[in-house]
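These notes concern the structure reproduced below.
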Amino acid sequence: MSSINRIANVASHLSNSQISTNNNASGDIGLIGLAVMGQNLILNAADHGYTVVAYNRTVAKVDEFLANEAKGKSIIGAHSIKELCANLKRPRRIILLVKAGSPVDAFIEQLLPFLEKGDIIIDGGNSHFPDSNRRYAELGEKGIYFVGSGVSGGEEGARYGPSLMPGGAKEAWPHIKDIFQDIAAKTDGEPCCDWVGEAGAGHYVKMVHNGIEYGDMQLICEAYDLLKRVGKFTDKEIGDVFAKWNKGVLDSFLIEITRDILYFNDPTDGVPVLEKILDTAGQKGTGKWTAINALDLGMPVTLIGEAVFSRCLSALKSERVRASKVLGGPSVEGESPITDREKFVDDLEQALYASKIISYAQGFMLIREAAKEYGWKLNNPAIALMWRGGCIIRSVFLGEITSAYRENPDLENLLFHPFFKNAITKAQSGWRASIGKAIEYGVPVPAFTTALSFYDGYRSEKLPANLLQAQRDYFGAHTFQTLPGKENDFLKGDWIHVNWTGRGGNISASTYDA
Ligand code: 6PG
C-alpha cells in the first residue's frame, strides 16, 4: 500500500467526525509554497477578487508575506496544513507549488487527513507526467480529485497572467475553471488556459512546451553564433537584428528577451554582460524527459533531442577547451567573409522560421502519438492557444498554429497545412544558404541542420532504410518485407530472410519492433 493510500484510509476514517467543519470558511483557494512563483500566483488571484489561503513549510515565511506583499489583500495566512484546510470553502481547492518529486507526495500525505471526498489537489509544479498519472489514480480511488497543471511564464507570468495547462480529474474542472481562466494570460480576450485532458495530460503538455522551449532557445543561440562568428556583428548589432526580427514572423517573447540581453551592458565597463557569461548550459530535466518520451513513442522529435544534447556538449567545457587546441577545421579569423550583410541576416531569419516550423510540427506529432498511446483526448487547438500567450514560448506564430488546428483539429501534420507548407517552401533557400555558411566556416548548428534533415527525410518517398533492412537480415537474419509487386519465387512471404552469404541457414530471427 502506498503512503498516499495509507494516509487516505486514516482520512476516510476521520472525515465525518474529527475534521473541523468549514461552513464559515472564506478561502476560495489554498496555495502551498511561498517561493516566488507561489507568492506571485497568490497576488494574481487576490487581484482577481479571490480569497487565497497561503501556507508554507517554513511558517515564518507566511507571516513575512502577510506583513509585506500580501498586506491589505484578500489573503489569509495559515500556520498549519489543518488551518489551511479549515479556511477553505468546499470543495477545497489547493494548489501545490513546491519542488517536483517527493515534496509533492509529502504534502499530499500531510493534506489527506484534512480533506474530504470531492476536494481538489492541484499540482502546479514541473512534475514528470508519470508521477501525475500515479497521483491521479491513487487519489481518485480515495475520492480526491487530482489536477496536474502546467504553469508557464516565470515570475512575471505568475503575477500578471501565466499560461495554465490543467489536466487530470475532469470532475474538478467546473470548480477551478473560473479561477484558472481569470488569472491566466489573455490573447485577443481568450484565456490561455483550457482543460487539456485526462490523468497526467496537463503535465505532459507542459513537458512538451518545455522541450519546444529548449528548441527555440537553441535555434536563437545558433543564429547569434553565426552572426557573431561568421558575420562578425557586435552584440549591439545582433541586438538590432533581433529587434527587427521581433517585428516580423519571429515576433515572440524569446526573441524579445534575446534583444534585451544583447543590449545589456555591464555598467562598470560598458561590456555586454552576455560576453562574460560562462558558456555552459544548465538544465532541470524537462527537455530531457521530452526527448526520452519521444524515443519511447518512436517519434522523430529530433530538434528537441539536439537541443538537449547541445546543452550537454556545452557542459563539457574543459574538454572543449583542450579540443579547441588540437582539432583543426575551418573558422573565420579577422574580417567577415560576408559581403551582403542584409542577405545574410534575411537568410538567417528564414532559417530560424523554417526550423521553428519543423520543431512545432515535431512537437505536435509527439502530442498526437501520446494521445493514442495513453488514451487521452487532447485538444490541439486549445493547446496551441494556451501557448499563444503567457508562457515562455508565446509568439505570433502560435496564433497561426491555433488557426490551423481550429480549422482542422485532426490535422495529420502542421506541414500539410497550406500556411505552413507555403511558409517553409518560401523559407527554404535562406535556410539552406545559412546552413551552408555554417558548415563552410565551421560553426555548429545542430538544431538548424537536424530540422532541415528532418524536412528532407519527411518529404522523401524513399529512404535508404532498404539497405538498413538488408544489413539487419545479412548479419542477424532479422528479415525484411519487399516493395509491393516485387515478390517472386525467391522473395516469398510476408517476412523474408535471404541467405546472403551462402553460409548462413534459412532460419530467421523472430520479428518484433521495439
Ligand atoms: C516556464 C519554464 C519554466 C522553467 C524551465 C527552465 O514555462 O515557465 O519552462 O518551467 O524556466 O523549466 O528549464 P531549464 O532549467 O531546464 O532550462
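Worth saying up front: this structure is predicted, and the values here are computed from it rather than measured. Whatever order the structure lists ligands and atoms in, that order sets their numbers, starting from 1.
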Look at [atom] and say which protein heavy atom is nearest, naming residue and atom and giving the distance to 0.1 Å.
atom: atom 15 (O) of ligand 1; answer: Lys284 CG, 3.1 Å
atom: atom 8 (O) of ligand 1; answer: Gly153 N, 3.1 Å
atom: atom 7 (O) of ligand 1; answer: Ser152 OG, 2.4 Å

**Parallel, tilted or perpendicular: ring planes of Tyr374 versus Tyr204, cut at 30 and 60 degrees** =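 Because their plane-to-plane angle is over 60°, the rings of Tyr374 and Tyr204 count as perpendicular.
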
**Prompt:** What is the distance from atom OG of Ser252 to atom CD1 of Ile393, rounded to the nearest 0.5 Å?
**Reply:**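 These two atoms lie 10.0 Å from each other.
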
If the cut-off is 4.0 Å to any non-hydrogen atom of [X], which atoms of ligand 1 fall inside it?
X: Arg311; value: 14 (P), 16 (O), 17 (O)
X: Asn210; value: 5 (C), 7 (O), 9 (O), 10 (O), 12 (O)
X: Ile392; value: 1 (C), 2 (C), 7 (O), 8 (O)
X: His209; value: 7 (O)
X: Gly154; value: 8 (O)

**Request:** List the steps and the verdict of salt bridge (charged side-chain N to carboxylate O under 4.0 Å, His left out) for Glu373 and Arg368.
**Result:** CA-CA 9 Å; Glu373 175 76 18; Arg368 202 169 128 231; over 6 Å; no

**Asked** Is there a side-chain contact between Ile94 and Asp119 (heavy atoms, below 4.5 Å)?
**Response**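 Not touching, per the 4.5 Å side-chain cut-off.
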
**Asked** Do the side chains of Ser152 and His209 get nearer than 4.5 Å, heavy atoms only?
**Response**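 Yes, close enough: below the 4.5 Å cut-off.
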
**Request:** Give a yes or no on whether Glu171 atom CD has more than 12 heavy-atom contacts from other residues, nucleotides or ligands under 6.0 Å away.
**Result:**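 Count over threshold, so yes.
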
**Asked** Heavy-atom contact under 4.0 Å between Glu156 and ligand 1?
**Response**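 The answer is no, since Glu156 has no heavy atom less than 4.0 Å from ligand 1.
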
**Prompt:** Can you find a non-hydrogen atom of Gly287 under 4.0 Å from ligand 1?
**Reply:**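 Not so, Gly287 does not reach ligand 1.
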
**Item:** Cation-aromatic face contact Arg311/Tyr214, 6.0 Å, 45 degrees
**Value:**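 Yes; both conditions hold, so Arg311 lies above the ring face of Tyr214.
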
